[in-house]
Each structure stands twice: as C-alpha cells, then as structure tokens.
Amino acid sequence: MSAHHDTHPHTGHDRASGFDLAMAHLLELDAEVLGSCLTELTGLLAEHTDTAPARILDLGSGPGTGSLALARRFPAARVTAVDVSPWMLHRLREQAAAHGVADRISTVEADLDGPWSGIGAGGPYDLIWAAAFLHHVADPARTLVQAFGRLRPGGLVAVTETDFFPRFLPEDTGIGRPGLEARLHAATNTRPPHEWTGHLRGAGFTLQQRRPFEIRLDGAQAGPSLNAYAQACLAKLRSHATGTMDADDLDALDALLDETQPHGIARRDDLTVRTTRTTWIARRP
Ligand SMILES: C[S@@+](CC[C@H](N)C(=O)[O-])C[C@H]1O[C@@H](n2cnc3c(N)ncnc32)[C@H](O)[C@@H]1O
C-alpha cells in the first residue's frame with residue numbers, strides 16, 4: 001500500500017488505464033446525470049450523523065464523485081479516498097483540484113482485498129462510504145469487518161449499490177424489433193441485486209436505514225449529459241452482448257450506438273433514465 005500525492009498517471013497508456021478511462025468517464029456521467037440522488041443521499045447521511053464528520057473514508061473511490069459530494073456536504077471534513085487503480089486516483093486528484101478541495105481530499109493506492117495496514121493510521125473515521133464497490137471485493141464480509149475496525153463508536157458506514165443497470169430507450173426505437181433494450185439486459189445483466197443487510201449485521205453494525213432510490217428521469221430532468229451517459233452505458237453492455245444476442249439485435253444496437261446516425265443514442269431526444277439503487281446506512285455501536 002502506498003500513499004500517492006503526485007500528479008502523473010502511473011499506468012500510462014496500457015490496457016488497464018484504457019479500461020479505467022472508460023469506467024471513469026461513465027462514473028462521472030453517472031454522478032452528473034443522477035446528481036440529485038447523490039445530493040439526497042449525502043443529505044440523508046447528514047441527518048443520521050451525531051456530529052458533523054471530520055474524517056471520512058471513501059472505499060473504492062474511483063474518480064472520486066463520492067469523495068467530492070461528501071467534501072461538499074461536510075465542509076469541515078477531510079476525505080481519504082482509497083482505490084487499487086492509480087489512474088482513478090490521478091483523475092480524483094485532478095477533479096479535487098478543479099473543485100477547490102484538493103487540500104481536504106487525500107488518496108491512498110491500495111488493494112483492499114489485502115491487509116489495511118496504513119488505513120486509519122491517523123485515527124478512526126467518522127464516516128465510511130462505499131459506493132458500487134463492495135461487490136468488487138473477494139470477501140465482502142471481511143471487508144465490512146475491516147471497515148468496522150476503522151470507525152469510531154457511533155460512526156456510520158454507507159454502502160450503495162446499483163440494483164439494476166439503467167435503462168434509457170423507448171420500447172420501440174424505430175430501429176430493429178421493439179423491446180431491444182430489455183433483450184440486451186436479459187442477455188448481459190442477469191445477476192440479482194446485492195443484499196448487504198446480513199453482512200453488515202454480521203460485522204457488528206446496527207442497521208439505521210435501508211433506503212431504495214427509484215430513479216425515473218425524463219430528458220429535461222436528466223440534463224444535457226443524458227445522451228453521453230446512455231451512450232457509455234449501452235456501449236458497455238454491447239461489449240458483453242456478442243454471442244448472447246441475435247444478429248439482427250446486434251445490428252440494431254450497433255446502429256443505435258453509431259454517433260453519426262440521426263436516430264442514434266447520441267442524438268435522440270426521447271431518452272429517459274430508469275434505474276434503482278439501494279443504500280444501507282449502518283452504525284458502529
Ligand atoms: C464501479 S467503481 C465505483 C467507484 C466509485 N465508488 C463510484 O461510485 O463512482 C469500483 C471501484 O472500486 C475499485 N476497486 C475494485 N476492487 C478493489 C480493491 N480490491 N481494492 C481497492 N479498490 C478496488 C476499482 O478500481 C473502481 O475504481
């Protein structure tokens with residue numbers, strides 16, 4: 001594990017950074033389009049905290065949309081963002097500087113599947129945030145026990161997961177057979193939603209709230225980045241669809257993903273966002 005505060009990305013132009021670049025782009029669009037959900041969530045945390053958190057830990061921070069939202073919500077707090085990807089942390093530091101909070105956000109490059117040796121060395125945290133992260137680790141139960149050990153008594157953990165990948169398209173896009181997006185999801189996105197209540201209790205936490213977020217935004221509510229967000233999400237699903245969908249559906253999807261086409265996702269004015277997320281807020285007694 002090592003702390004990084006330098007300014008250059010370590011992974012250069014290798015394959016990992018190419019993947020991270022696309023993922024960071026998607027996560028930043030997600031935070032922009034679904035910003036109202038993020039604001040509501042940090043507001044909910046402010047209601048649950050006994051005192052304003054001074055020390056916050058963001059596990060699997062990615063490019064830092066959560067770290068930034070927390071730094072905004074809690075202006076006296078210092079946030080430590082941990083991720084295994086140096087490129088994500090590089091992006092996070094760029095964003096923190098752009099938002100004027102670089103002095104309150106520090107980064108730690110670490111594989112959280114390993115020992116958390118340097119994490120919490122400066123004292124226990126008041127709040128731990130883990131968004132779209134827990135399902136990535138090898139042993140979520142152990143990760144929650146490690147998080148429990150880094151929190152002060154009375155401190156909170158907030159775990160968020162996307163239950164279903166977002167949907168954007170109308171039933172009939174005018175290209176190919178109706179119901180394309182439903183078939184794409186059925187072919188590529190088959191896992192059931194994550195459920196962490198038992199894991200949190202098993203680690204010693206007291207569940208404060210299990211909060212589902214039903215998100216239904218039309219184009220006006222979603223704002224100007226909706227098309228780019230839909231394009232990034234559907235392109236990600238498309239990359240898993242070869243061999244799992246009929247050839248005519250793949251052709252229709254490729255036509256929709258063609259940014260030069262007038263009926264393509266990048267230019268359509270009939271997109272919406274439909275998705276659900278769940279957040280678990282739990283306290284260390
Ligand atoms: C889906 S992204 C979520 C990022 C961010 N929390 C968000 O909501 O935008 C998952 C992040 O977890 C990181 N990650 C996955 N496994 C990890 C591990 N074992 N240790 C540390 N970070 C990990 C990835 O590098 C990635 O940045």
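We're numbering straight along the sequence, starting at 1. Order of appearance sets the numbers: ligands from 1, and atoms from 1 within every ligand. Because the structure is a prediction, the values reported are computed rather than measured.
Checked against D126 for a salt bridge (charged side-chain N to carboxylate O under 4.0 Å, His left out), the options R152, R78, R150 give a single hit: R152. With E181 as the partner, the salt bridge (charged side-chain N to carboxylate O under 4.0 Å, His left out) test is satisfied by one option alone out of R167, R238, R274: R274.
Heavy-atom contacts of A110 reach the following atoms of ligand 1: 20 (N), 21 (C) (cutoff under 4.0 Å). The contact set between ligand 1 and T65, taken as ligand atoms under 4.0 Å from a residue heavy atom, comprises 9 (O).
When only interatomic distances are considered, the shortest N/O to N/O separation between D111 and ligand 1 falls below 3.5 Å. Here's the thing with D83: one of its N/O atoms is less than 3.5 angstrom from an N/O atom of ligand 1. For ligand 1, the polar-atom distance check finds no N/O of M23 at less than 3.5 Å from any of the ligand's N/O atoms. Where the criterion is an N or O separation shorter than 3.5 Å, residue side chain and backbone included, G60 meets it with respect to ligand 1. Polar contact with ligand 1: absent for P63 (N/O pair, distance under 3.5 Å).
Of the candidates S85, A69, P86, A131, the one placing a heavy atom closest to atom 7 (C) of ligand 1 is A131. Counting only non-hydrogen atoms, the option in G66, S61, A132 that gets closest to atom 5 (C) of ligand 1 is S61.
Ring pair H194/H135 is parallel by interplanar angle, where below 30° counts as parallel and above 60° as perpendicular. Using a 30° and 60° split on the angle between ring planes, H199 and W196 fall in the perpendicular class, above 60°.
Side-chain contact annotation: E32 with S225, donor-acceptor N/O pair under 3.5 Å present. For the 3.5 Å distance criterion, the side chains of T160 and R277 fail to qualify, holding no donor opposite an acceptor. No side-chain N or O of S85 forms a donor-acceptor pair with one of D83 less than 3.5 Å apart.
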Exercise for review: Kindly determine whether I56 and T80 satisfy side-chain contact (heavy atoms from CB on, under 4.5 Å), including the steps that lead there.
Suggested key: CA-CA 6 Å; I56 298 175; T80 302; over 6 Å; no
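Among all protein heavy atoms, the one lying closest to atom 22 (N) of ligand 1 is V84 N, 3.2 Å. Summary of contacts: the protein heavy atom closest to atom 17 (C) of ligand 1 is F133 CE1, 3.8 Å. Scanning the protein for heavy atoms near atom 20 (N) of ligand 1, the closest one is L112 N, 2.8 Å. Shortest contact from atom 16 (N) of ligand 1 to any protein heavy atom: H136 CB, 3.8 Å.
Within the 4.0 Å heavy-atom criterion, the part of L27 lying near ligand 1 is the side chain and not the backbone.
At least one side-chain heavy atom of L184 sits less than 4.5 Å from a side-chain heavy atom of L234.
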